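Just so we're on the same page: letters track the sequence lines, and every chain starts at 1. Model, not experiment: these values are computed from the prediction. Heavy-atom basis, side chains included; hydrogens, waters and symmetry copies ignored.
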Number of protein chains: 2
Amino acid sequence: MFPFKNNITLERKNNRNLYLQICDQIIGFIKSGQLPPSAKLPSSRKLSEDLNVHRKTIIAAYDELIAQGWVETLPAKGTYIKSSLPVIKQQSFGKNSLQTNSKTKSNFSFIHRPHLIRKEQKIDSLELRIDDGVPDNRLAPIEEIAKTYRNITKRAYYTKLLGYDSIYGNLELRKTLVNYLNETRGLNISLNNILITRGTQMGMYLAGQLLLNDTTNRIIVGTTNYMTSDNTFTEAGGIIERVPVDENGLDTNVIENICERKKIKAIYVTSHHHHPTTVTLSAKRRMHLLQLAKKYNFAIIEDDYDYDFHYSNSPILPLASNDNYGNVIYIGGFTKIIAPAMRIGYMIAPKDFIDEAARLRCIIDRQGDMILEQTMARMIISGDIQRHSKKALKIYKTRRDLFCALLKEKLGNYFDFQIPKGGMAVWVLLNKKYNWDTVISKAQLLNIEFNAEWKRYDNDNSGHNGIRFGFASLNEEEIHEIIHRLTKVMKSINC
Amino acid sequence: MFPFKNNITLERKNNRNLYLQICDQIIGFIKSGQLPPSAKLPSSRKLSEDLNVHRKTIIAAYDELIAQGWVETLPAKGTYIKSSLPVIKQQSFGKNSLQTNSKTKSNFSFIHRPHLIRKEQKIDSLELRIDDGVPDNRLAPIEEIAKTYRNITKRAYYTKLLGYDSIYGNLELRKTLVNYLNETRGLNISLNNILITRGTQMGMYLAGQLLLNDTTNRIIVGTTNYMTSDNTFTEAGGIIERVPVDENGLDTNVIENICERKKIKAIYVTSHHHHPTTVTLSAKRRMHLLQLAKKYNFAIIEDDYDYDFHYSNSPILPLASNDNYGNVIYIGGFTKIIAPAMRIGYMIAPKDFIDEAARLRCIIDRQGDMILEQTMARMIISGDIQRHSKKALKIYKTRRDLFCALLKEKLGNYFDFQIPKGGMAVWVLLNKKYNWDTVISKAQLLNIEFNAEWKRYDNDNSGHNGIRFGFASLNEEEIHEIIHRLTKVMKSINC
């Protein structure tokens with residue numbers, strides 16, 4: 001008979017009940033073929049002695065095996081492995097078969113997508129980090145958020161927030177945002193025009209899927225463009241057309257030429273500060289673009305990721321504020337105002353599109369975190385968010401001025417740049433005598449990490465040699481230190 | 001000259017600064033063509049008198065217009081509308097043009113997807129609600145969650161959680177879940193095999209997109225099947241094949257026949273309790289299914305949505321626990337244990353698939369809420385989650401027993417059902433003399449809402465006349481009341 005005694009090992013510290021450990025291992029023996037169909041199991045008394053456990057434990061294990069359909073009890077005969085179980089793996093041994101199974105390679109096929117980001121972002125591995133323009137999390141009003149969050153959970157009605165809720169997002173947040181956006185962005189929208197998303201990114205993904213997963217799927221973006229949006233639209237099945245970007249943003253005349261020749265489905269624009277070069281789309285081009293959208297019936301995906309961060313004059317109203325014909329899909333969010341991890345955003349568009357986007361979102365992750373969405377609503381109503389972004393704006397302006405001054409003074413010979421009117425990053429062009437790879441690797445030796453693969457800013461290999469240099473997340477001391485070390489780095493490179 | 005005095009209206013209660021209100025409206029007049037290119041603006045003194053505001057306000061407004069590129073100041077001449085602005089809409093009048101613009105219809109095309117849910121779910125509109133099997137949110141440990149959440153935000157390191165983090169999900173939660181799932185599900189996985197998702201739904205969506213958005217895209221599901229998964233796989237481009245479901249779950253022999261004839265990409269199975277009929281996939285068929293997956297190289301998407309709720313014997317280990325060849329994509333989550341709004345789930349699969357899924361997830365919404373994920377990790381480590389689900393299991397068992405007893409006793413003549421071994425719903429077949437539409441509409445008169453369109457349970461129109469009847473979310477009083485009213489309803493129907 002099969003040597004249960006030597007083959008079953010019980011761990012009494014293990015969270016899993018003893019009888020289940022026994023059960024698991026016997027199932028393993030059955031699956032491995034060590035216990036063939038119709039084999040007899042030892043009596044519960046015998047096995048309890050072998051394993052030195054209470055007999056009740058064995059009985060529980062056998063009951064479990066019966067309940068799961070592995071074994072059967074024949075009256076006055078004993079307990080037997082069922083006769084009808086196919087054997088799956090001759091040479092494996094119960095649990096051991098699992099140990100030997102390194103789950104690195106799948107046994108089915110799927111398409112690998114080269115356009116999806118290949119590299120997992122390194123997190124704070126080096127002392128100083130240069131990002132491509134993110135807020136300073138140390139300033140985030142996280143305490144207020146947690147307090148508001150907790151207060152909401154204390155209310156009687158919170159249970160409603162725990163259930164399945166509207167696929168359009170938390171009602172209070174939608175109402176609040178409709179007013180907030182109408183006031184601050186000069187929009188003229190109602191509840192029919194808004195969908196709460198998880199950050200601006202989800203708005204981009206939904207728009208791409210709905211517009212480009214289609215027979216006509218051509219989308220226009222800038223020659224330099226936010227790499228993630230390229231990936232998102234490519235994933236959706238879009239064909240990307242690039243148009244030049246100058247100091248006034250996307251060249252709308254080139255867009256017009258393209259429209260005359262081929263059917264364009266959509267255009268992606270970061271109108272307020274073009275990503276990556278930070279230039280603002282001029283008033284004239286904004287209106288030209290809206291005219292073209294009207295005439296050629298394409299969608300304008302307006303990504304207003306840093307509307308709230310404009311330093312010189314107050315922000316220019318988005319294209320969406322003059323969308324008289326229903327061409328603009330306006331996406332934005334709070335990740336830049338609060339912190340990247342606070343993934344609450346919104347999509348503003350004509351009702352028919354919002355309805356479809358909500359239905360698609362419903363099968364992606366059903367809905368957002370209603371308590372967090374309610375929290376955000378409360379903080380807008382209370383003015384906490386506005387106060388915070390006012391405060392942050394001031395701090396970031398100071399950091400921008402310091403950073404640009406030092407960059408000009410200490411590194412002016414190596415880097416070329418314009419002072420950005422807003423946003424959280426400077427578009428820095430490296431003198432073409434130099435190569436970013438060298439700079440970045442030498443900077444690493446001085447504990448400076450460039451989180452971005454710089455090549456991603458050059459989607460179409462124009463060789464402009466530029467990267468985004470985030471200043472908002474660095475305090476003044478860090479700015480001084482980074483400029484200091486970068487000066488060393490540049491001096492150490494001879495070309 | 002254009003009558004600014006009568007056309008500009010200022011709201012002093014409005015949050016938007018006066019100078020911006022003036023600026024907005026002048027831009028409106030320019031866009032509407034009322035103020036043609038090269039038109040002269042009144043002097044700041046004149047306009048300040050007309051509008052009865054301080055002259056500084058007008059100067060600020062003009063500066064703003066200059067900064068935004070709408071107007072220009074000619075030395076010693078005055079301020080003029082730029083000559084080069086195209087006119088966009090002759091007959092509209094600034095802000096008014098927006099009022100008249102009801103954003104219901106988009107001016108661009110996109111494909112409407114009939115497979116996406118058409119109807120927004122009604123929320124608690126009637127007194128009593130019959131769902132299709134969701135937890136009772138009144139039991140959710142929301143206070144503990146909020147407390148843990150807040151404690152985490154108090155730690156110094158919380159700022160790390162606020163930034164962009166791993167696309168695989170919070171590291172502490174992944175580590176915790178690897179141990180938790182290995183112990184409770186008999187899995188044998190490492191950090192390479194897990195991706196944190198937003199509920200089980202996102203796991204299903206990711207799997208569908210990666211597997212079915214492909215040249216071979218055939219997926220097998222049950223004749224009765226969870227409607228949302230049908231929609232999710234159709235959206236991904238999948239072709240759905242249906243196989244019979246009996247008291248032992250999916251008929252694996254039929255699956256084998258199909259595999260012999262055509263290439264199958266994947267199979268979707270709710271092995272623990274088939275949705276909607278609640279039956280458990282038998283041990284024999286589990287092993288058969290794994291053999292077929294190995295032989296024909298298809299993926300098994302195992303949706304273990306209610307593993308933690310099994311009443312008679314302890315749960316049967318998932319297929320994933322014996323996935324020796326890398327065929328199983330195991331998806332689960334906490335929405336059933338805690339509450340639907342707590343959208344934290346996981347995907348378990350071979351590393352190569354997890355890597356690709358993580359990259360796709362990255363462009364959908366970048367990442368989850370790291371603070372909430374960390375919170376969940378802490379609550380598993382502290383045992384709060386386990387204690388809660390033990391407690392909930394007990395309560396739900398009592399409710400199941402009461403519900404089934406009353407249903408048999410009071411409504412046995414109308415409804416046919418088996419007592420489910422687990423889960424949160426009973427599969428109730430209505431005597432075919434009756435029609436659910438009649439029952440549901442009459443129930444509404446007695447303030448009972450069936451949240452589901454019952455037809456969705458009959459994806460292939462087999463006319464089984466069944467629906468899922470959720471009992472877990474109803475306390476004993478509510479169960480009594482619902483059965484009482486339903487008895488009235490049924491008696492009132494004569495056929």
Side-chain angles (χ1 to χ4, degrees), chain A residues 15-16 24 67-70 88 97-98 101 103-108 110-111 116-117 137-138 140 142 146 150 153 159 162-164 183 186 188 193 198 201-202 205 210-211 214 231-232 282-283 287 297-299 313 316 324-327 339-341 350-353 359 363-366 370, chain B residues 15-16 24 67-70 86 88 97-98 101 103-104 106-108 110-111 116-117 137-138 140 142 146 150 153 159 162-164 183 186 188 193 198 201-202 205 210-211 214 231-232 282-283 287 297-299 313 316 324-327 339-341 350-353 359 363-366 370:
Chain A
N15 289 14
R16 197 159 168 83
D24 294 346
Q68 293 195 21
W70 295 102
I88 192 168
S97 73
L98 291 172
N101 153 33
K103 295 250 187 48
T104 55
K105 184 86 191 60
S106 56
N107 185 35
F108 50 82
F110 55 91
I111 290 185
L116 294 181
I117 296 164
N137 302 328
R138 295 168 292 194
I142 187 63
R150 192 169 175 191
T153 62
T159 49
L162 290 175
Y164 289 112
E183 268 170 11
N188 180 46
N193 303 117
R198 299 214 350 111
Q201 183 57 40
M202 182 179 259
Y205 181 81
L210 291 177
L211 291 168
D214 198 351
N231 299 339
T232 307
S282 70
M287 293 171 58
N297 310 97
F298 59 75
N313 54 293
I316 298 184
N324 295 332
Y325 303 98
N327 288 99
K351 182 179 187 308
D352 57 352
F353 193 78
R359 294 184 204 109
I363 63 167
I364 292 175
D365 68 346
R366 181 55 181 82
M370 291 296 157
Chain B
N15 290 12
R16 198 157 168 84
D24 294 346
Q68 292 196 23
W70 295 104
I88 192 168
S97 73
L98 291 174
N101 152 34
K103 295 247 186 51
T104 56
S106 57
N107 184 36
F108 51 81
F110 55 93
I111 291 184
L116 294 182
I117 297 165
N137 301 329
R138 295 167 294 194
I142 186 65
R150 191 169 176 191
T153 61
T159 49
L162 290 176
Y164 289 112
E183 268 172 8
N188 181 47
N193 304 114
R198 301 200 69 251
Q201 182 58 40
M202 182 180 258
Y205 181 81
L210 291 177
L211 291 168
D214 199 351
N231 299 340
T232 307
S282 71
M287 292 173 54
N297 310 95
F298 58 75
N313 55 293
I316 297 185
N324 295 332
Y325 304 97
N327 290 100
K351 182 179 187 307
D352 57 352
F353 193 77
R359 291 183 206 112
I363 62 166
I364 291 175
D365 68 346
R366 182 55 181 83
M370 291 296 158

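Counting only distance, with no hydrogens or angles, the side chain of B:Asn137 and the backbone of B:Ala339 share no donor-acceptor pair below 3.5 Å.
Heavy atoms of B:Asp214 lying under 4.5 Å from chain A belong to its backbone as well as its side chain. With a 4.5 angstrom heavy-atom cutoff, A:Ser282 does not touch chain B via any of its atoms.
Annotation: ring pair (Phe, Tyr, Trp, His ring centres under 6.0 Å) contacts of A:Phe353 (sequence neighbours excluded): B:Phe108, B:Phe110.
In terms of heavy-atom proximity, A:Arg198 sits nearest to B:Asp365 at NE-OD2, 2.8 Å.
With respect to chain A, the highest number of heavy-atom pairs below 4.5 Å among B:Ile364, B:Ile316, B:Thr232 belongs to B:Ile364.
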#### Entry: side chain to side chain contact (heavy atoms under 4.5 Å, CB included) evaluation trace for A:Ile363 with B:Gln201
CA-CA 7 Å; A:Ile363 63 167; B:Gln201 182 58 40; 3.9 Å; yes

